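All remarks here apply to the structure that follows.
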Amino acid sequence: MLRLPAFTYLQPTSLAEALRMKADAGPNGSYVAGGTDLYPNMKRRHQTPTTVISLMGIEELRGMRNAERGTAVGASITLTEVRTLRDRYPAVATAAELVSTPLLRNMGTLGGNLCLDTRCNYYNQSYEWRKAIDFCMKKDGAICWVAPSSPRCWAVSSSDVAPVMVAIGAEYRLVGDKGERLVPAGRFYHNDGINYLTKQPDEILVDVRLPAPNGWDAVYHKLRRRGSFDFPVLGVAVWAKYDGRKVADARIVLGGVASYPQEVPEAGTALKGSKLEDDAIAAAAEAAYRPSKPLDNTDFELSWRKQMTRVYVRRALQELRSRRRT
Ligand SMILES: Cc1cc2nc3c(=O)[nH]c(=O)nc-3n(C[C@H](O)[C@H](O)[C@H](O)COP(=O)(O)OP(=O)(O)OC[C@H]3O[C@@H](n4cnc5c(N)ncnc54)[C@H](O)[C@@H]3O)c2cc1C
Ligand code: SF4
């Protein structure tokens, strides 16, 4: 049985108090929301904070409200609660519903999902397993077992909701010691398996600003081994803004193929001016397939996963088209 290491658990009730606790704890302090990612990681000694600061008692991180240009969704709402966004933001609700199991979704939060640690077959293992291979660069070691001559870690962005946020152009409100800032979702993520967020360690994701749903639509499709349970090995988020019946602008974002949700601008460009006809969909799927470079560090054979990029982008765009007609 894997056991949690000993730690001090703090329960602030305001942002100011949480920031103060984090400043006191320094690098040994970590925020936690639902704990469905952090606690398993602590059991495997990926992260070993001695102080864990819960964000669940902070009112400002809960609930949803209409904001200036859309809807502000508190970072501590659970993935189960995200479902209530279905009427206005079906792609966000779908991505949240596709995360793991009902139990995990009742505990796991939106904020935790958007800050999820990157994953790799050589990393998501017990301490003893990792020790037996002399660890790896992401934690305790020096080499990357996926690409031994590489100076960087290629662990995979495995959040289901993050690619949707990037595709629809959501913004994240962060509050830290230095004040508050609004960051476009696309700039919140780094293509680096170790430093995968641009957020400072003290910063708290307070809420997510979803743009008003006027004139655009989005869908999310997920590839995984077991439909009831598994992390994505490929996620496809597609967003299109319409001018009349034509696509005025589009974004296609891939999850599970890089250390960040990867937008493929050429794929979006292939759709502009189209009415999502078959040839435009095929061109976008081909454009998304080319830069999709999954590595051998998660489930399934990697060349098959690459092939599936084309298939899943096509299916996502076909769903987008059928929604336009209904
Ligand atoms: C068996 C299993 C299957 C899973 N399957 C999936 C899956 O299919 N898809 C998927 O996307 N995820 C999956 N997950 C991962 C996880 O359950 C979800 O991503 C969940 O949403 C994480 O949220 P949480 O609140 O539990 O995060 P936590 O564990 O509380 O936090 C995760 C990280 O985010 C940080 N954090 C949390 N909230 C904030 C905040 N507001 N501000 C700043 N930092 C914050 C924490 O410090 C921590 O580093 C799975 C997990 C397990 C154990
Ligand atoms: S990609 Fe390489 S460095 Fe990163 S977790 Fe996997 S083996 Fe370790």
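Counting starts at 1 for both ligands and their atoms, following the listed order. Since this is a predicted model, take the numbers as computed values, not measurements.
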List the steps and the verdict of salt bridge (Lys or Arg N to Asp or Glu O under 4.0 Å) for R86 and E97. CA-CA 10 Å; R86 175 157 293 288; E97 276 175 1; 3.0 Å; yes

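- Residue contacts with ligand 1, taken as heavy atom pairs separated by less than 4.0 Å, involve D230 solely via the backbone atoms N, CA, C and O.
- Only side-chain heavy atoms of L104 come within less than 4.0 Å of ligand 1; its backbone N, CA, C and O stay farther off.
- Contacts between S30 and ligand 1, counted as non-hydrogen atom pairs separated by less than 4.0 Å, involve the side chain only.
- Using a 4.0 Å cut-off between a side-chain N of Lys or Arg and a carboxylate O of Asp or Glu, E203 and K178 do not qualify as a salt bridge.
- Nearest protein heavy-atom contact of atom 35 (C) of ligand 1 is C115 CB, 3.8 Å.
- Residue contacts with ligand 1, taken as heavy atom pairs separated by less than 4.0 Å, involve L116 solely via side-chain atoms from C-beta onward.
- With a 4.0 Å heavy-atom cut-off, ligand 1 is reached by the side chain of A75 but not by its N, CA, C or O.
- A salt bridge is defined here as a Lys NZ or Arg NE, NH1 or NH2 lying under 4.0 Å from an Asp or Glu carboxylate O, and D230 with R225 fails to meet this definition.
- Under 4.0 Å from ligand 1, not a single heavy atom of R105 appears.
- The number of protein N/O/S atoms found under 2.8 Å from atom 6 (Fe) of ligand 2 is 1.
- Taking the six-membered ring wherever Trp is involved, the centroid distance between the rings of Y127 and F135 falls below 6.0 Å.
- In this structure, the protein non-hydrogen atom closest to atom 51 (C) of ligand 1 is F231 CZ, 3.6 Å.
- Apart from M21 itself, the hydrophobic cluster it occupies contains L10, L15, L19, Y31, I53, L55, I58, L61, V175, I204, V206, where clustering links Ile, Leu, Val, Met, Phe, Trp and Tyr at side-chain heavy-atom distances under 4.5 Å.
- One distance of note links NE2 of H190 with OH of Y260; it measures 11.0 Å at 0.5 Å rounding.
- Protein heavy atom nearest atom 9 (N) of ligand 1, with residue, atom name and distance: D160 OD2, 2.8 Å.
- No salt bridge links D140 with K131; every basic N to acidic carboxylate O contact stays at or beyond 4.0 Å.
- For the pair R119 and D299, the salt-bridge criterion is not met [side-chain N within less than 4.0 Å of a carboxylate O].
- D192 and R152 are not joined by a salt bridge, as no carboxylate oxygen comes within less than 4.0 angstrom of a charged side-chain nitrogen.
- Using a cut-off of 4.0 Å between Lys/Arg side-chain N and Asp/Glu carboxylate O, E60 and R173 are scored as salt-bridged.
- Taking all heavy atoms of L103, L110, N113 into account, the minimum distance to atom 18 (C) of ligand 1 is reached by N113.
- For atom 5 (N) of ligand 1, the nearest protein heavy atom (residue, atom name, distance) is S100 CB, 3.3 Å.
- What sits closest to atom 20 (C) of ligand 1 on the protein, heavy atoms only, is T36 OG1, 3.4 Å.
- In terms of protein heavy-atom proximity, atom 28 (P) of ligand 1 is closest to G35 N, 3.5 Å.
- Look at D160 and R224 and you find no salt bridge, because none of the NZ, NE, NH1 or NH2 atoms lies under 4.0 Å from a carboxylate O.
- Ion pairing between a basic and an acidic side chain is recognised when a charged N comes within 4.0 Å of a carboxylate O; E171 and R69 show such pairing.
- Of all protein heavy atoms, the one closest to atom 27 (O) of ligand 1 is G112 CA, 3.3 Å.
- When hydrogens are left out, the protein atom nearest atom 48 (C) of ligand 1 is Y31 O, 4.1 Å; that is the closest non-hydrogen contact.
- By the criterion of a heavy-atom distance under 4.0 Å, neither the backbone nor the side chain of V206 is placed next to ligand 1.
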